[in-house]
Each structure stands twice: as C-alpha cells, then as structure tokens.
Protein chains: 2
Amino acid sequence: MPTLADVGRLAGVSRGTVSNVFNHPDLVRADVRQRVEAAARQLGYDGPDPRGRVLRDGKFNAIGFMPPGAYAIADVIRSPYMRELVLGVSIACDEAGATLGLINGTDETRTSAIREALVDGFILGHSADIDLITSAQRRRLPFVILESEAGPNVNSIRIDGRSGALAAVRHLAALGHRRFAILSIRRTSGPPIIHIPGRGKGAISAGFQLDHERLLGFAQGLAEVGLSINDVPIIETTPGEPSAGAVVLDRVPEATAILTMSDWQAITVLDEAIRRGINIPEQLSVVGFDGTAESARTTPPLTTVAQDIARKGRLAADMVFANAAPKQIIMPVELVVRGSTARPRR
Amino acid sequence: MPTLADVGRLAGVSRGTVSNVFNHPDLVRADVRQRVEAAARQLGYDGPDPRGRVLRDGKFNAIGFMPPGAYAIADVIRSPYMRELVLGVSIACDEAGATLGLINGTDETRTSAIREALVDGFILGHSADIDLITSAQRRRLPFVILESEAGPNVNSIRIDGRSGALAAVRHLAALGHRRFAILSIRRTSGPPIIHIPGRGKGAISAGFQLDHERLLGFAQGLAEVGLSINDVPIIETTPGEPSAGAVVLDRVPEATAILTMSDWQAITVLDEAIRRGINIPEQLSVVGFDGTAESARTTPPLTTVAQDIARKGRLAADMVFANAAPKQIIMPVELVVRGSTARPRR
DNA sequence: GAAAAAACTTGGAGCGCTCCAAAAAATTGT
DNA sequence: ACAATTTTTTGGAGCGCTCCAAGTTTTTTC
C-alpha cells in the first residue's frame, strides 16, 4: 500500500504537505494541491491510513459498550432492556459522530477486552465486578458504570431501585395483598435458587449483590403492613431464565401477588399463568420492573416500575464524551399501574 | 503513561522481553517474568497500548456495520429489520470474539467514515451508492454489500425479491383479488410519491432503483392474471414514513389488496384501517415484506414475504471474517400466509 | 568438564501518521 | 528595487508496539 511519503515523492513535495492536502487543504496552494491529488490518484492512495493517525493522535472517535456479566453482544440486541439502553447510547453517538463499538468479552477475556478496546471511553453494563472496574481505571479513559456504585471517583448511573420497589409493594398492599412472592435475580449462572421461609430452606440473609437495594425497598414496604421480608419466599433466577414463572407458581401457589426485578421475569409469570388457566389480575397480581416497551404490550399490560432506559444510555454516553469530573447519578423511577394488578380475591 | 521501554528499563530487560511477558509469557523465564511484572505494577503499566499494536499489526479485531442511506446508528436499533440483521452480525462477532462497530456517517461523511473506520472489514447496509462501493474497494478490506448487486468482484447478499413479490401476487390473485395497490419504497427523502395511472399522474416507467426487482415480480404476477402493472397505482414512501397507510387508503380506496415492500408499510396500513373501521382481511387484504418478528404479532398477523434476516447478517459477517474470493449470494424467501389476506368481498 | 543442544533475551527495523518550529517562497508596501 | 509581511512548505521528532534474526545464557549429554 502506498503511504504519504510515496505520494509526496511522486508529487515532489514533503510528507507534511501531502498530509495537509488531506487534512487541511486550505493550507496548501491550489496548484500544489492538484499535483498531490493527481499523484495520489495515480498511486491509488485513498487518504491517510487511520492506523498511523491513531498512534499519533491517540483518538479513536469511538466509544465502547461492554455488556454486563454473561451477556454476549448478541444478547444486547436481543434483550429489550439492553436494546433500549444501547439505543440511548447510539443517539448520543450519532450526535457526536462517533462509532459505537459493542465490545465482546467472555468472563475470562473481559478485562483484557477492556485493556485493548479501540475506543476513547466506554460504558460498563451492569456490573459490580471489582476487577473490571480496576481494569477500566487503569486504562485511564473516561468510563461509566451502570447500576453499580463504585465510589466517588467513578462515574456511575443507577436508578433509585429502592423507591421503585417500595412503590410496588405499597401499591399491592393498598390493594389488599398480604401474600407475596419475590422473583429476584441470580447473578451467577445456574438454576433458580429458592428461599422459602420455614420450609427447610432457611430464611434469606444477604448476598443479593446488585439487587440488594430493591430488596430493601420491598422489605420496607412489607414492614409498613406488618410483614417481614424474611417470611416472604424469594426465588432467584438468572436474567434470561425462562422457567422463572413456572418455578414461582409451583413453589409459592398461595401468593396473591408476585414482585419481580424485571419485566422479563414478570412476563414469564404472565405466560405461565395463561398456560395454567390462572387469570391475571383477578387471581394473581404481577408487577414488573424496568418499564420496557414490551411491558405495555403484554396481555394484560404489565404494572411495572418504569425507568427511562434510553435516557440512561444517553446520559452515560454523554458523560463519556464530556470526560469531566466523576459524577454519580441516581435516576428516578415511576410506578406505572396497568392491567396486571388488582385487588386479591376474597 | 509508561511504555514497554519504561518497564524494561526498570526491570533491567529489553522492550522485547517485556512485550513477551504480556504476549507470550511462556517464552520468558519465570524469575524474569516476575521481575518484569513487579516493575509493571510499580509503574502502573497495564499492558501494551493497543495503539502501538494496531499500527504494527494492522489488525483491529473488529468489523463494522454501516447502515444504509439515511439511517443513523440509532435507527439500526430502532428498526426491527435492521435490528434483526445486526443480531445476525453480532452472533458471528461473538463467535469470532470480535468487536462490532456501528459506524456513524451522514450522507456527506459516509465515504470518509469508510476510509477511516477502525475495522478489519465491514458490511454495507442496503445501498446501491456507487461512491460508497468505490470507497470500500479502495480500503482494500473485505466487505459485503447487502441487497445490492455490484458485480462479480464484490461480495453481496440479497434476497430473491422477485420470486417473493411474485408469490405474493399469486396468492392474492388465487384468492380472487383483481384491484391492487402497491406501496413501494422511496429512496430519496421527501413526501410520498404517487403514481396513479389515468389520473393525470402518468404511468410509472422505471427508476425504482433497488426495488425494481420486487416490482418485476409484482408485474409478472399481475400479468399472469391479465393485468398490467402500468395500470396499478403505486405509491412510494420513505422507509419510516408513518402516513404510508393513510396515503394509500386515501388515494386508492377501490383496492381490495395492498402489496407492500416492507412489514412496516403493511403495519401502517393495518393501523390506518383500524382507525377507519375497515376490517382486515374481510374488506382489505394486505401483504408485508421481510417477515420481521413484528409481523407475527400484529392484529391480524401479517401475511408476508419472509426472509431469514438474522441469517443474512450472519452470512455477511462470516464472509467478512472469511475474507475469501468474492461471492454473490441470493437467499430464498417464503410467503408466509397469516391472517391479513382473504378472499375479496363480492 | 567440554561440547552440543536447548532455552531465553536482545535490539534494530519498521508500521504511517501529524504536529510544529523554522525555512522558503510569494506578496505587499513604499 | 528592496524590506517587511504574509503565505506555504519542510523535515525532524515521536507516538508504542511486535517481529525476527542473531546473540547470549542455561541445560543436557557424553
């Protein structure tokens, strides 16, 4: 491949002038410019190689999105939540004229993927993994962590999960519900983990990582009507687990209301209820979490704790582009009451 | 920022050895390795800077997706069709461990975006733009064009649009339809263009660019029942035009069947029909194109010419990764008959 | 214990570019 | 016509890395 120098040689000018022809044409006299352009054409030179520029300038004109934990980048497109998040990021990229890189990384390669990503900054999907954060900091590029606090020196954005969870419980409690089940998120891979108080499995204690906050909200709401979260069955399922609904209906048939941590989980409950002939909301109330577009289209439409997901993505990308002093943003959530919740049957 | 050389100096070894410690640790004696690692830690050196590697090796470990014409990268996430396509691409990237770059480019910056994209190859969304193709060829990287032929030296993948269109017309004709309208795609921006034979607007002639093939299929099917496409009203709307349905219902109220070039267009017809109290399929049959996931979920579910969109994306990415001799692939389509078509009312 | 073999380390070359201060050329003013 | 000014062009420096052939050290073999 020809280089700047080759073109310069043919046109009888220096490398610097050829560079200017492509990057600052106004600095070059018209006749010289034309000579250089002719030489470039003759050699099939199509402009400066970006690799050289990247080394010299250190800029990639790209930001990276690294999906959370066990997500492949295909899952970013598949998951309604991730997709909406990335939509927000991509809007910011469009405005900035930057490329959006979806960074690939398995559990083992994630830290090296961060070390090597060809980006000017990045967004880490929901991830409390301290190694990743350390890696990110070492890279000395602007980055933002989503749904995970990492101290005052790290950009982070998360929703006010506690308030959202509290609002969900209050809504159900006000309707008269007293028998609950909780679908929580399992952060390691594997089958659903079942915590059923007083049935040999022992009460839950802690270790719910990221989702702790939502549990706190649930606990507070339950306490307000005299219940303890320690007496509520909790089932943890991985984010994409399709059997979540079936497991909760099997294991906690007496519940009149199911609290979840994602619309996806709630939708599995809806689907399974239809399969079993359980009417929602007459026989069972279900509350989702996130307010994805999907949640409005289910039958019945889902009552859910909505957040502005796309806006979160936008804000994250804007923080990366701004590259300013670290900020921690907590975004509000809003309980959207739709058709999946009602008074419990007498 | 410290470099390989700094670490080498501190550890008392050469650059090459430090590089080996990070890239080929097995080649380095254990005690030396530890000394180097200690030095790196002390200096806060976190591994070789990818910029240097990129210049040296010329590899980015990434492929780029450049959306068609007037699409911003956010539209790639928004459009069900593009999203499914990119899903296929992302699956291939996951397997290859590569980053997927969504390349940003307005009409003016698209060629330079291609020239500068930090990727090892790319996929050009539907685009017949000759300049873009020339740009892509100059880059001398593997690339694939979607839904656009560019000769035997260029990788391309497209569906057999003509057969699909033919199948759609035959289906409707077999049901007894004889009064058609066609929703075609306008490839420039602007309001719908309306071609209504014998009403002053003149019959259509040509210039339907990319969509010509589907029109050929429609024409053939119409000819089989003694009709000429020159007598069928054709309305061209831009890909995201929300009024497509309204325009066709306004301008061709006598049609009993509407042929479209995308599920999106068909869905606008469905929506507008509901608004006007027109029953589908009893009063009006509608056929979509593409078979997006959405098309199965409308009310009624859409009869559509389905293609395997995700597979197309996968194939495209695989061709880029393979970097083999240019191929032109034509993918089959399949008419999926669902609820939006029926016999016309007597 | 010396020679042969194996294991490890070195440093030069080169990847292609852009910035910048200084030099050269062209233009302006008197 | 020459000095002063403005416009253009130059080429050195340096970005950080990896490969590789050659050199050095260590281990093995007899």
Side-chain angles (χ1 to χ4, degrees), chain A residues 1-40 43-61 112 115-120 138-141, chain B residues 1-40 43-61 112 115-120 138-141:
Chain A
M1 294 288 294
T3 70
L4 273 185
D6 300 326
V7 176
R9 205 170 305 121
L10 181 62
V13 299
S14 71
R15 278 189 341 280
T17 297
V18 181
S19 173
N20 280 337
V21 167
F22 285 95
N23 296 307
H24 308 285
D26 45 303
L27 291 181
V28 181
R29 226 175 42 221
D31 60 316
V32 175
R33 191 164 64 232
Q34 279 153 21
R35 212 164 70 234
V36 169
E37 281 163 352
L43 291 173
Y45 183 79
D46 190 44
D49 187 317
R51 280 143 55 219
R53 193 208 307 283
V54 156
L55 177 56
R56 165 72 221 212
D57 291 357
K59 277 289 177 195
F60 295 97
N61 192 34
S112 73
R115 213 175 56 205
E116 314 222 319
L118 303 173
V119 297
D120 303 320
R138 288 234 188 85
R139 188 75 198 270
R140 274 170 255 201
L141 289 176
Chain B
M1 293 289 295
T3 70
L4 273 186
D6 300 326
V7 176
R9 206 171 304 121
L10 180 62
V13 298
S14 70
R15 280 190 337 281
T17 298
V18 181
S19 173
N20 281 337
V21 167
F22 286 96
N23 296 307
H24 308 284
D26 46 303
L27 291 181
V28 181
R29 227 173 43 221
D31 60 315
V32 176
R33 190 165 63 232
Q34 279 153 23
R35 211 163 71 234
V36 169
E37 281 163 352
L43 291 173
Y45 182 80
D46 191 44
D49 188 317
R51 280 143 53 219
R53 193 208 306 283
V54 156
L55 177 56
R56 164 72 220 210
D57 291 357
K59 277 289 175 193
F60 295 98
N61 192 33
S112 73
R115 214 175 55 206
E116 314 222 320
L118 304 174
V119 298
D120 304 320
R138 287 233 188 85
R139 189 76 198 271
R140 274 169 256 200
L141 289 177

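So you know, we letter chains A, B, ... as the sequences are listed, proteins then strands, and number each from 1. The model shown is predicted, which means the values in this text are computed figures rather than measured ones.
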Self-check item: Shortest non-hydrogen separation from Val119(A) to Phe60(A) and the atoms involved
Solution: O-CD1, 3.3 Å
Quiz item: Nearest heavy-atom pair of Pro48(B) and Tyr45(B): which atoms, and what distance?
Solution: CA-OH, 3.0 Å
Quiz prompt | Leading and trailing nucleotides of DNA chain C with any atom under 4.0 Å from heavy atoms of chain B | solution = dC8(C) to dG16(C)
Exercise. Find the distance between OG1 (Thr3(B)) and CZ (Arg9(B)) and round it off to the nearest 0.5 Å.
Key: 6.5 Å
Quiz item: Is it true that Asp57(A) and Lys59(A) have a side-chain N and a carboxylate O under 4.0 angstrom from each other?
Solution: no
Quiz item: At what distance, to the nearest 0.5 angstrom, does CZ of Arg115(B) lie from CZ of Phe22(A)?
Solution: 7.0 Å
Quiz item: To the nearest 0.5 Å, what is the distance between CG (Leu43(A)) and CG (Leu10(A))?
Solution: 5.0 Å
Quiz item: Taking OP1 and OP2 of dT10(D), is either one under 4.0 Å from a side-chain nitrogen or oxygen of Thr17(A)?
Solution: yes
Exercise. Send over the distance from Arg9(A) CZ to dT9(D) P, rounded to a whole Å.
Key: 19 Å
Self-check item: Gap between atom CZ of Arg51(A) and atom CG of Leu118(A) - 0.5 Å precision
Solution: 12.0 Å
Quiz prompt | Atom pair distance, as rounded to whole Å: CZ in Arg33(A) and P in dT8(D) | solution = 10 Å
Practice problem: State, to 0.1 Å, how close Gly12(B) and Arg35(B) come at their nearest heavy-atom pair, and which atoms those are. | Solution: O-NH2, 4.1 Å
Quiz item: So which heavy atom on Glu116(B) is nearest to which on Pro50(A), and how close?
Solution: O-CB, 3.7 Å
Quiz item: For the pair made of CG in Asn23(B) and C1' in dC20(D), what is the distance, rounded to whole Å?
Solution: 15 Å
Quiz item: In Å and rounded to the nearest 0.5 Å, what is the CG to CG distance from Asp49(A) to Leu4(A)?
Solution: 9.0 Å
Quiz item: Are Thr17(B) and Ser14(B) close enough that some pair of their side-chain heavy atoms sits under 4.5 Å apart?
Solution: yes
Quiz item: 5'-most contact on DNA chain C: Val13(B) or Met1(A), nearest heavy atom basis?
Solution: Val13(B)
Quiz item: Just how large is the angle between the end axes of the helix from dG1(C)-dC30(D) to dT30(C)-dA1(D), five pairs per end, to 10 degrees?
Solution: 30°
Practice problem: Go through residues 45-53 of chain B and report each residue with a non-hydrogen atom lying under 4.0 Å from DNA chain C, sorted by number. | Solution: none
